[in-house]
Undergrad: 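Got a structure for you, questions after.
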Amino acid sequence: MPDYQNILVETKEGVGIIRFNRPKALNALSPQLMKETVMALFAFDAQDEIGAILITGSDKAFAAGADIKEMSTASVIDMLKSDFIPTFAKIREIKKPIIAAVSGWCLGGGNELAMSCDMVVASETAKFGQPEINLGVIPGAGGTQRLTKAVGKAIAMEMVLNNRTLTAQEALEYGLVNYVLPIEEYFEKAFSLAQKIAHRAPLAVQLGKEAVNKAFETFLAEGLEDELRSFYLLFASEDQKEGMGAFIEKRKAEWKGR
Ligand code: DAK
């Protein structure tokens, strides 16, 4: 395993776990942290025994955004040349589902990263925001796009233009997160969700993720067409026969990923 400096990784019961580990900077997403995170994501994605991936931070901070100290003196050319965005964009290539377990600050690039995951489980103390306006910039890693699709135009405008921070409960109401739990329980909930999905039919999980993401990324007609193609494709798999057979025979299915 590579010698990561900014993240901790482990595997447990079919789940690959990535934990941001820059406590002194509230897990600010430095280019190095992003690079390591994406490396770990691809490593887990390539392992057959891993069925889902969990990304988390600390109870105090999921991530307080991109590293302002590293950006503060950057020129436009530096930003254009930076591999922050190409690295960030690679998260979209991960085929396995990614669940974010979020507690405390989830700001700027941190919120953009959480929104790049497939599901979010939050602690009651989680706070979601796009405070870039405070720094004289706007979100640059999907914060205006994914956020608007998730919470709607009115709330997204307030967050992007006036640094409105959402409480965990508000984030749940607006559809940004799946569950909100007490701080002692959010990680276990996120893990059990990941673990359950990890033991489901792998091909159907992969294509299901792809199809739901299409709804975000394409016009409806194109998304529906893609969904249908993937649906048909699964009828060429052994898992489809096994899944439907197991239902009829009233037994638990045994998934093979074929
Ligand atoms: N970057 C670097 N250091 C940070 C940080 C950040 N984002 N957030 C916190 N820290 C550091 C603080 O500087 C402090 O360090 P020391 O002074 O102790 O050395 C330490 O973490 C603890 O922070 P505080 O003392 O401020 O803690 P508080 O509890 O008082 O306040 C806070 C917590 C989260 C409210 C506050 O730290 C804060 O406002 N942080 C900044 C939040 C923020 O503005 N985030 C957005 C960053 S901009 C790109 C596309 C997108 C992006 C970048 C590039 N491209 C297209 C290339 C993304 C941009 C962003 O995310």
Side-chain angles (χ1 to χ4, degrees), residues 5-8 18-39 41 55-94 98 100-117 120 122-151 155-171 176-177 183 186 216-217:
Q5 304 296 313
N6 298 270
I7 59 170
L8 304 170
I18 300 171
R19 187 180 288 277
F20 301 142
N21 189 29
R22 293 188 73 208
K24 288 188 185 140
L26 300 182
N27 291 330
L29 305 171
S30 62
Q32 189 55 28
L33 182 145
M34 281 308 302
K35 213 176 280 175
E36 291 180 9
T37 300
V38 167
M39 265 175 82
L41 282 170
I55 298 188
T56 194
S58 66
D59 286 352
K60 192 169 173 197
F62 176 71
D67 195 313
I68 301 170
K69 291 169 188 167
E70 298 200 23
M71 273 187 304
S72 62
T73 56
S75 69
V76 65
I77 308 291
D78 294 331
M79 290 311 274
L80 276 169
K81 281 172 139 179
S82 140
D83 55 7
F84 186 83
I85 285 294
T87 309
F88 205 103
K90 285 200 168 297
I91 299 172
R92 288 179 61 227
E93 294 173 25
I94 301 299
I98 311 174
V102 174
S103 183
W105 299 111
C106 184
L107 301 177
N111 193 38
E112 290 171 312
L113 196 143
M115 290 191 294
S116 298
C117 296
V120 179
S123 84
E124 285 167 346
T125 66
K127 290 172 276 292
F128 300 85
Q130 296 292 158
E132 288 86 348
I133 196 78
N134 290 347
L135 305 168
V137 292
I138 66 166
T144 63
Q145 303 302 299
R146 290 195 179 92
L147 184 68
T148 308
K149 293 220 164 133
V151 305
I155 303 297
M157 282 288 185
E158 226 184 320
M159 291 175 75
V160 172
L161 305 188
N162 203 31
N163 186 28
R164 173 164 172 191
T165 303
L166 300 185
T167 62
Q169 203 51 44
E170 286 172 327
L176 200 58
V177 310
I183 195 157
Y186 78 98
F216 269 94
E217 293 168 3

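Start at 1 and go down the list; that is how both ligands and their atoms are numbered. This one's a predicted model, so the numbers in the text were calculated from it and none came from an experiment.
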Undergrad: Would you please test Met34 and Asp83 for side chain to side chain contact (heavy atoms under 4.5 Å, CB included) and show each step?
TA: CA-CA 10 Å; Met34 281 308 302; Asp83 55 7; over 6 Å; no

Undergrad: What protein heavy atom lies closest to atom 56 (C) of ligand 1? Include the residue and the distance to one decimal.
TA: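 Looking at atom 56 (C) of ligand 1, the protein heavy atom closest to it is Ile85 CG1, 3.0 Å.
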
Undergrad: Answer yes or no for atom 28 (P) of ligand 1: protein heavy atom present at a distance under 4.0 Å?
TA: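 No, no protein heavy atom sits under 4.0 Å from atom 28 (P) of ligand 1.
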
Undergrad: Please could you name the atoms of ligand 1 that Leu107 approaches to less than 4.0 Å, counting only its heavy atoms?
TA: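 Numbered from 1, ligand 1 contributes 34 (C), 42 (C).
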
Undergrad: Taking the side chain as every heavy atom from C-beta outward, state whether Val160 and Pro139 have any pair of such atoms under 4.5 Å apart.
TA: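 Touching, per the 4.5 Å side-chain cut-off.
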
Undergrad: So which of Leu26, Leu80, Ile133 gets nearest to atom 9 (C) of ligand 1, if we judge by its closest heavy atom?
TA: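 Shortest heavy-atom distance from atom 9 (C) of ligand 1: Leu26.
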
Undergrad: What do you reckon, does Ala28 have a nitrogen or oxygen under 3.5 Å from a nitrogen or oxygen of ligand 1?
TA: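 It does not: no N or O of Ala28 is found under 3.5 Å from an N or O of ligand 1.
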
Undergrad: Any protein heavy atom under 4.0 Å from atom 15 (O) of ligand 1?
TA: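 Yes, at least one protein heavy atom sits under 4.0 Å from atom 15 (O) of ligand 1.
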
Undergrad: Considering only the protein, which heavy-atom contact is closest to atom 49 (C) of ligand 1, and what is its distance?
TA: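 Here the closest protein heavy atom is Phe84 CD2, 3.7 Å.
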
Undergrad: Ignoring angles and geometry beyond distance, decide whether Ile68 reaches within less than 3.5 Å of ligand 1 through its nitrogen or oxygen atoms.
TA: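 In this structure, Ile68 places an N or O atom under 3.5 Å from an N or O of ligand 1.
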
Undergrad: Purely on distance, is any nitrogen or oxygen of Ala141 under 3.5 Å from one on ligand 1?
TA: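 No - when backbone and side-chain N and O of Ala141 are compared with those of ligand 1, no distance drops under 3.5 Å.
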
Undergrad: Taking all heavy atoms of Ala63 and all of Leu29, pick out the closest pair and write down the distance.
TA: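 The answer is CB-CD2, 3.8 Å.
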
Undergrad: May I ask whether atom 1 (N) of ligand 1 is less than 4.0 Å from at least one protein heavy atom?
TA: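 Answer yes: something from the protein, a heavy atom, is under 4.0 Å.
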
Undergrad: Assess whether side chain to side chain contact (heavy atoms under 4.5 Å, CB included) is satisfied between Ile55 and Ile98, documenting all intermediate values.
TA: CA-CA 7 Å; Ile55 298 188; Ile98 311 174; 3.8 Å; yes

Undergrad: Report, as yes or no, whether the 6.0 Å neighbourhood of atom CD on Gln32 holds more than 12 heavy atoms from other residues, nucleotides or ligands.
TA: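 Buried by this count: over 12 neighbours within 6.0 Å.
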
Undergrad: Can you see which heavy atom on Ala168 is nearest to which on Glu124, and at what distance?
TA: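 Smallest heavy-atom distance, with atoms named: CB-O, 3.9 Å.
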
Undergrad: Would you say atom 38 (C) of ligand 1 has a protein heavy atom nearer than 4.0 Å?
TA: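 Answer no: nothing from the protein, no heavy atom, is under 4.0 Å.
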
Undergrad: Mind checking whether Ala64 has an N or O less than 3.5 Å away from an N or O of ligand 1?
TA: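 Yes, there is a polar N/O contact under 3.5 Å.
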
Undergrad: So between Met79, Lys69, Met71, whose heavy atom ends up nearest atom 57 (C) of ligand 1?
TA: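 Looking at heavy atoms only, Met79 sits closest to atom 57 (C) of ligand 1.
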
Undergrad: Considering only non-hydrogen protein atoms, determine which one is nearest to atom 48 (S) of ligand 1 and report residue, atom name and distance to 0.1 Å.
TA: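 Closest protein heavy atom to atom 48 (S) of ligand 1: Leu135 CD1, 3.6 Å.
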
Undergrad: Report the nearest protein non-hydrogen atom to atom 58 (C) of ligand 1: residue, atom name, distance rounded to 0.1 Å.
TA: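 Sorting protein heavy atoms by distance from atom 58 (C) of ligand 1 puts Ala66 CB, 3.4 Å first.
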
Undergrad: Is it the case that ligand 1 has an N or O less than 3.5 angstrom from some N or O of Lys60?
TA: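 No, since none of the N or O atoms of Lys60 sits under 3.5 Å from an N or O of ligand 1.
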
Undergrad: Within a strict 4.5 Å, meaning less than it, do heavy atoms of the Leu113 and Phe62 side chains meet?
TA: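 In short, these two side chains touch, coming nearer than 4.5 Å.
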
Undergrad: Considering all heavy atoms of both residues, which atom of Val102 and which atom of Ala126 are nearest to each other, and what is their separation?
TA: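 Result for this residue pair: O-CB, 3.8 Å.
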
Undergrad: Could you check whether any side-chain heavy atom of Met157 comes within less than 4.5 Å of a side-chain heavy atom of Arg164, counting everything from C-beta outward?
TA: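 Counting from C-beta outward, Met157 and Arg164 never come under 4.5 Å.
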
Undergrad: What protein heavy atom is closest to atom 11 (C) of ligand 1, reported as residue, atom name and distance in Å?
TA: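 So the nearest neighbour among protein heavy atoms is Ala25 CA, 3.9 Å.
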
Undergrad: Please evaluate residues Lys90 and Leu41 with respect to the criterion side chain to side chain contact (heavy atoms under 4.5 Å, CB included), reporting the C-alpha separation (whole Å), side-chain torsions for both, the decisive distance (0.1 Å), and the verdict.
TA: CA-CA 9 Å; Lys90 285 200 168 297; Leu41 282 170; over 6 Å; no

Undergrad: Distance below 4.0 Å between atom 44 (O) of ligand 1 and any protein heavy atom?
TA: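 At least one protein heavy atom is under 4.0 Å away.
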
Undergrad: Provide the closest heavy-atom pair for Ile18 versus Thr37 in the form atom of the first, atom of the second, distance.
TA: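 Looking at all heavy atoms of both residues, the shortest contact is CD1-O, 3.9 Å.
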
Undergrad: Work out which heavy atom in Phe88 is nearest to a heavy atom in Ser116; give both atom names and the distance.
TA: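 The pair with the smallest heavy-atom distance is CE2-OG, 3.4 Å.
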
Undergrad: Suppose I only count heavy atoms of Gly65 and a 4.0 Å limit; which atoms of ligand 1 are within that range?
TA: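 Once the distances to Gly65 are compared, the set is 61 (O).
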
Undergrad: State whether the shortest distance between N or O atoms of Lys24 and N or O atoms of ligand 1 falls below 3.5 angstrom.
TA: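 N/O-N/O distance under 3.5 Å: yes.
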
Undergrad: Below 4.0 angstrom, counting only protein heavy atoms, does anything approach atom 25 (O) of ligand 1?
TA: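 Within 4.0 Å of atom 25 (O) of ligand 1, no protein heavy atoms are found.
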
Undergrad: Is any heavy atom of the protein nearer than 4.0 Å to atom 18 (O) of ligand 1?
TA: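 Neighbour list for atom 18 (O) of ligand 1 is empty of protein heavy atoms (cut-off 4.0 Å).
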
Undergrad: Within the 4.0 Å heavy-atom shell around Gly109, which atoms of ligand 1 are there?
TA: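 The list of qualifying atoms is 60 (C), 61 (O).
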
Undergrad: Without swapping roles, check the side chain of Arg22 against the backbone of Ala28 for a donor-acceptor pair under 3.5 Å.
TA: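 Yes, because the side chain of Arg22 sits within donor-acceptor range (under 3.5 Å) of the backbone of Ala28.
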
